[in-house]
Amino acid sequence: GAGVSQSPSNKVTEKGKDVELRCDPISGHTALYWYRQSLGQGLEFLIYFQGNSAPDKSGLPSDRFSAERTGGSVSTLTIQRTQQEDSAVYLCASSPMTARNEKLFFGSGTQLSVL
Amino acid sequence: LAKTTQPISMDSYEGQEVNITCSHNNIATNDYITWYQQFPSQGPRFIIQGYKTKVTNEVASLFIPADRKSSTLSLPRVSLSDTAVYYCLVGEGSSSGSARQLTFGSGTQLTVLP
């Protein structure tokens, strides 16, 4: 079956512009996660959704970052007024969350470059 | 949060067994331990998961001592294609069936040499 799909795979933007990153999770997966990975670094947790609800937004780096999920499926991560330090790979993962020992399924990520 | 600590890097040779240990001193009673593998330009991929004692699948074994404050991923007879970053993940306790914040550690870069 189809895995987690992220689009675009690459995005180049100018400093100060807004960008939207999209994640299509595996069908039926109730949980969705966003992570950020800077070059050569580990995964930085940003936000998770249980259905359409995001109980904890404290992982978002600043108020320029926002995320939403509609219909319990597609999620978008929006970065307003992008800065060069926002350049990174943004990874999305989904999980069926059918048991406590959930497994994450990751997409290939969106490489964001802010010039 | 159950913070994890892993070695930054490890080198091995083809055909050897590799053991990567992760420390998670404040693991919660209901937390599972999960290991992921990440190749360059790809998202992490699930390898193995366990709660206690030993778990084995077709690619790896996971050893967890009784106190659960650490875990060891064992890769038998590694090949060049096992060169990747390996992450240990311990979830934050929450009610059953609910999503929760899952924080990855820094990962271990395993390099397999010919």
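Letters go in sequence order (proteins before strands), and every chain restarts at 1. Basis for what follows: all heavy atoms, side chains included, without hydrogens, waters or symmetry-related copies.
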Item to check | Derivation of the side chain to side chain contact (heavy atoms under 4.5 Å, CB included) call for A:L104 and B:L89 | outcome: CA-CA 11 Å; A:L104 299 180; B:L89 177 62; 4.3 Å; yes

Checklist entry - Under 4.5 Å between side-chain heavy atoms, hopping through other hydrophobics if needed: is there a path connecting A:V4 to A:L46? => result no

Next on the checklist: Quick check on B:Y51 against chain A: is it the side chain, the backbone, both or neither that has a heavy atom closer than 4.5 Å?
Outcome noted: neither

Checklist entry - What distance do A:S95 atom OG and B:F46 atom CZ have between them, rounded to the nearest 0.5 Å? => result 10.5 Å

Next on the checklist: With clusters defined by side-chain heavy atoms of hydrophobic residues (ILVMFWY) lying less than 4.5 Å apart, directly or transitively, does B:I47 cluster with B:V90?
Outcome noted: yes

Next on the checklist: According to a hydrophobic-cluster definition based on side-chain heavy atoms being under 4.5 Å apart (Ile, Leu, Val, Met, Phe, Trp, Tyr only), do B:Y13 and B:I20 belong together?
Outcome noted: no

Next on the checklist: For A:Q37, which atoms come within 4.5 Å of any heavy atom of chain B: side chain, backbone, both, or neither?
Outcome noted: side chain

Item to check | Shortest non-hydrogen separation from A:Q41 to B:Y87 and the atoms involved | outcome: O-OH, 3.9 Å

Item to check | Atom CG of A:L115: over 12 foreign heavy atoms under 6.0 Å | outcome: yes

Next on the checklist: Working to the nearest 0.5 angstrom, can you tell me the gap between A:F106 CZ and B:Y36 OH?
Outcome noted: 6.0 Å

Checklist entry - Does any heavy atom of chain B fall under 4.5 Å from the side chain of A:L43, the backbone, both, or neither of them? => result both

Checklist entry - With only heavy atoms counted, which part of B:I33 is less than 4.5 Å from chain A, the side chain, the backbone, both or neither? => result neither

Checklist entry - Side chain, backbone, both or neither: which part of B:Q109 has a heavy atom under 4.5 Å from chain A? => result neither

Checklist entry - Shared ILVMFWY cluster between A:V89 and B:F39, side chains joined below 4.5 angstrom? => result no

Item to check | Contact summary for B:G43 and A:L91, nearest pair of heavy atoms | outcome: CA-CD2, 3.8 Å

Next on the checklist: Check whether A:Y35 reaches the backbone of B:F104 with its side chain - one donor and one acceptor, N or O, closer than 3.5 Å.
Outcome noted: no

Item to check | Flag if over 12 foreign heavy atoms under 6.0 Å of CD, A:E14 | outcome: no

Item to check | Connected via hydrophobic side-chain network under 4.5 Å: A:Y90 and A:L60 | outcome: yes

